[in-house]
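Each remark here refers to the structure printed beneath this line.
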Amino acid sequence: MKNGQIWQDTDGNDIQAHGGCIIKHGDTYYWYGEHKGGDNKIARFVTGQEVSRVDVIGVACYTSKDLLNWKYEGLVLESEKEDIASPIHTSQVLERPKVIYNEKNNNFVLWMHIDRPDYSYAGVGIAVSDSPLGPFKFLRAKVPNKQDSRDMTVFKDKDGTAYLFHSSNRNKTMNIARLTDDYTDVDGSFSSVLVDQEREAPALFYHEGMYYMVTSGCTSWDPNAALFAICPHVVGKWKLIDNPCEGKYARQTFFGQSSYIFEAEGKFYLMLDHWKPDNLKKSGYSILPIEITSDNCLIIPWQDEWLGI
Ligand code: DGJ
């Protein structure tokens with residue numbers, strides 16, 4: 001699979017799983033992401049700046065045993081076609097779907113960025129399913145802790161506590177909001193980190209006593225330089241360190257933007273979206289191995305191809 005390009009599933013169709021995540025359950029990898037297989041339209045941000053979009057189709061799921069051959073499993077959450085008041089109506093924004101498994105309830109919880117076409121709502125949506133293959137039942141949309149929330153991810157700590165990481169304060173600051181035990185809500189405890197650093201697209205992992213967060217800058221669909229931050233605690237004083245990308249086009253994150261970091265067989269991998277604002281459904285993907293140095297730095301060189309594990 002050529003990094004930076006749109007990939008095909010086992011039926012030969014384009015993989016529609018943008019802004020996504022890959023989780024493992026049992027012996028199967030599940031890739032969830034935005035199905036952007038519609039026509040491009042133009043909307044406007046609250047600032048008046050034009051932004052391209054496609055109407056919400058839903059959250060797509062693909063499965064694989066080897067992270068290379070992906071079988072389309074359908075939409076695990078579909079947009080609402082009739083009720084225009086629904087937060088997941090086709091006319092709205094649904095981005096960056098992230099799924100975590102809840103051991104206690106033996107179910108799967110899907111968090112996503114929910115917005116109006118002008119990005120003025122700035123909230124999250126939460127859905128649940130007993131099966132990783134869905135269907136997910138949409139529970140609610142909300143503005144977590146009354147803090148605006150745009151790009152986001154969810155992260156499960158080693159003790160089972162889960163957190164919502166979300167760009168807040170008009171994308172100036174990253175908020176970390178603790179989730180309830182069932183992962184279907186925030187529990188009211190939150191803190192702000194990377195204050196005034198203007199980071200989005202958070203992707204996290206934990207390795208040997210350190211938490212790592214890769215983020216992008218805020219330039220809509222255009223690429224910019226990634227940065228990684230570290231902290232010895234999931235909620236603590238996160239410190240921005242450097243751009244983890246190395247080599248040609250490192251300053252543009254190889255023309256991609258972070259979406260998720262997953263672990264496979266003891267190694268960590270960064271997923272990138274290569275947005276094509278003029279034709280979002282053709283936006284490509286990359287999966288790049290992450291090197292972790294002994295002094296807690298991340299190095300992510302470009303690789304032309306994703307060859308699996
Ligand atoms: C950058 C974000 O990372 C994407 O998820 C999307 O919200 C675009 N901005 C919209 O311009």
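From a predicted model like this one, the values you see are computed outputs, not experimental measurements. In each ligand, atom 1 is the first atom listed, and ligand 1 is the first ligand listed.
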Is the closest basic N to carboxylate O distance between R44 and D118 below 4.0 Å? no
Regarding E73 and K71, does a basic nitrogen lie under 4.0 Å from an acidic carboxylate oxygen? yes
Exactly one of H274, K2, H18 should register a side-chain hydrogen bond (donor to acceptor under 3.5 Å, both in side chains) with Y285. Which one does? H18
When rounded to the nearest 0.5 angstrom, what is the spacing between CZ in F138 and CG in L77? 7.0 Å
So CG of D14 and NE2 of H35: to nearest 0.5 Å the spacing works out to 9.5 Å
K158 NZ/CZ over Y206 ring centroid, <6.0 Å and within 45° of normal: yes
Near ligand 1, at a heavy-atom separation below 4.0 Å: residues by chain and residue number: F45, V51, E95, R96, Y119, D151, E200, S220, W221, Q257
